[in-house]
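Right, one structure below, let's go through it.
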There are 2 protein chains.
Amino acid sequence: MARNAHPEVTEQRILDAARELFMEQGYEKTSIQDIVDRLGDLSKGAIYHHFKSKQAILDRLGDDDARRIGDQSRTVFERNDLNGLQKIRELFRLSASDADHRNINRVAMPLLDDPTYFTDNMRFWSSQLPNSFRPLIDEGVRDGSIPTEYPQEAAEMLALLTNYWLLPHFYPATAAQLRHRVQCLATMLDAIGVPVFDDELIDMTANLYAAFDDRHPS
Amino acid sequence: MARNAHPEVTEQRILDAARELFMEQGYEKTSIQDIVDRLGDLSKGAIYHHFKSKQAILDRLGDDDARRIGDQSRTVFERNDLNGLQKIRELFRLSASDADHRNINRVAMPLLDDPTYFTDNMRFWSSQLPNSFRPLIDEGVRDGSIPTEYPQEAAEMLALLTNYWLLPHFYPATAAQLRHRVQCLATMLDAIGVPVFDDELIDMTANLYAAFDDRHPS
């Protein structure tokens, strides 16, 4: 295929090969040369023409995943057959049952050891992500499914605790300890009138985070 | 006084002057020259002889504060007249009512914008600080004052939420919003059998964190 006749096709091939390699052998152990070898018909230079670094490839995979999950989320937001509580549950269910999402997050886990990347993530979880949960919590307060006096605090806890505290990368835990942690989160959220984590979602979430355990690979 | 005849006296004078200046005009606006001017009888070189940088001075102030609070904490650990729950409350009361501790933490707040310093702090709060709370929680489980099934989770929540989530530096809030946030924390901890935050401690804690608000100085 002529170089750059269809740059988006070439980019997608690079992304697909990189995702496979990251999943097979990890992000840190994968080199641009590995991607060249996997593709067979592209030079290193051709890859650098599309992505300036290995991290740029992973960032793009992450952006694509975020966009896809974002699209799914908007569909949930607009459903008329669910109340506020059910919509939040559906968001967590979608994210927990999505294998591609799980894989890209697992692959990106080592990046969280970089202070700048970690700090950027923490800022996103504290200042932006709560704003995604808040409208659904407010909807639940209006429709009676989320009887909370703490809508903002609940949005902040959902964002912080599910993205940071539940991660074995930061708080190492066995699968049993993770399940116990999710049950603890469920109990705390129940107490402030936000009963998002029912038994089904506790199971799904505990399994999801056990799969994120890059320190004790399952 | 002869240079270095009593280096610890000179160091303490530098630390005292720096603490005063940091509190008066902020860490970022204070220069080594300001410390020279305040002391009157020491050169810049003399200060650099004792501390390699302004941050080294602040680090030492923080270390000294941590040692002092640590000593107070050990005294609380060893008291025979308090149960486990009362000991944890006493630790929070001590830290909330200690003006020097509050001031040094307030002064150090801008450093938390540095990704490396922030990441080091988050790691301390996730991996080491819970180990300080855990023995007191276990003591409370044994003496019946902390009827929790979640001792480890409670230790992690006490460390993470009181040091990170309650800080208006990370989660901007008015004084009223901060009080509501502390009430939310109290409700969540009560639900997992760790009723540390009674009304008195909710008040003290909300006031403490309002004083830490370097974004909306009171």
Side-chain angles (χ1 to χ4, degrees), chain A residues 111-131 137 148-161 163-174 176-195 197 215, chain B residues 111-131 137 148-161 163-174 176-195 197 215:
Chain A
L111 290 189
L112 287 168
D113 290 330
D114 173 69
T116 301
Y117 185 86
F118 172 70
T119 301
D120 287 349
N121 272 272
M122 292 299 296
R123 284 193 186 137
F124 176 76
W125 296 332
S126 66
S127 61
Q128 293 181 55
L129 190 55
N131 298 336
I137 295 173
T148 187
E149 294 171 41
Y150 300 103
Q152 182 59 26
E153 290 83 355
E156 290 167 359
M157 289 294 91
L158 282 172
L160 173 63
L161 299 181
N163 283 289
Y164 177 64
W165 182 47
L166 292 189
L167 273 194
H169 187 83
F170 299 115
Y171 289 87
T174 64
Q177 287 167 336
L178 265 177
R179 172 169 307 270
H180 203 248
R181 192 183 291 168
V182 178
Q183 280 167 336
C184 180
L185 175 60
T187 305
M188 293 192 296
L189 290 172
D190 285 356
I192 58 169
V194 185
F197 289 89
R215 297 190 191 266
Chain B
L111 290 188
L112 287 167
D113 290 330
D114 174 69
T116 302
Y117 185 86
F118 172 70
T119 301
D120 287 349
N121 272 273
M122 291 299 296
R123 284 193 186 134
F124 176 75
W125 296 332
S126 68
S127 62
Q128 292 180 55
L129 190 55
N131 299 336
I137 295 174
T148 187
E149 294 171 42
Y150 300 103
Q152 182 59 27
E153 290 82 355
E156 291 167 359
M157 288 295 91
L158 281 172
L160 173 62
L161 299 181
N163 283 289
Y164 177 65
W165 182 47
L166 292 189
L167 274 193
H169 188 81
F170 299 115
Y171 289 86
T174 64
Q177 287 167 337
L178 265 177
R179 173 169 306 270
H180 203 248
R181 191 183 291 167
V182 177
Q183 278 166 337
C184 179
L185 175 60
T187 305
M188 293 192 296
L189 290 173
D190 284 357
I192 58 168
V194 185
F197 288 89
R215 296 190 192 268

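First the proteins, then the strands, lettered A, B, ... as listed; each starts at 1. Since the model is a prediction, treat every value here as computed from it, not as a measurement.
- When all heavy atoms are compared, the tightest approach of B/Y171 to A/W125 is OH-O, 4.4 Å.
- Among A/Q152, A/M122, A/Q177, the residue with the largest count of heavy-atom pairs under 4.5 Å with chain B is A/M122.
- Only the side chain of A/L161 comes within contact range of chain B, judged by heavy atoms closer than 4.5 Å.
- Chain A forms the most heavy-atom pairs under 4.5 Å with one residue out of B/E149, B/Q183, B/M157, B/R123, and that residue is B/M157.
- For the atom pair A/Y150 OH and B/C184 SG, the distance stands at 6.0 Å (nearest 0.5 Å).
- For chain B, the nearby parts of A/T187 are the backbone and the side chain; heavy atoms of each come within less than 4.5 Å.
- Contacts between B/T116 and chain A at a heavy-atom distance below 4.5 Å involve backbone atoms as well as side-chain atoms.
- Contacts between A/Y164 and chain B at a heavy-atom distance below 4.5 Å involve the side chain alone, from C-beta outward.
- Contacts with chain A were tallied for B/L185, B/T119, B/L160, B/D190; B/T119 has the most, counting heavy-atom pairs under 4.5 Å.
- Summarising the geometry, atom CD belonging to A/E153 is positioned 8.5 Å from atom CE belonging to B/M188; distances are rounded to the nearest 0.5 Å.
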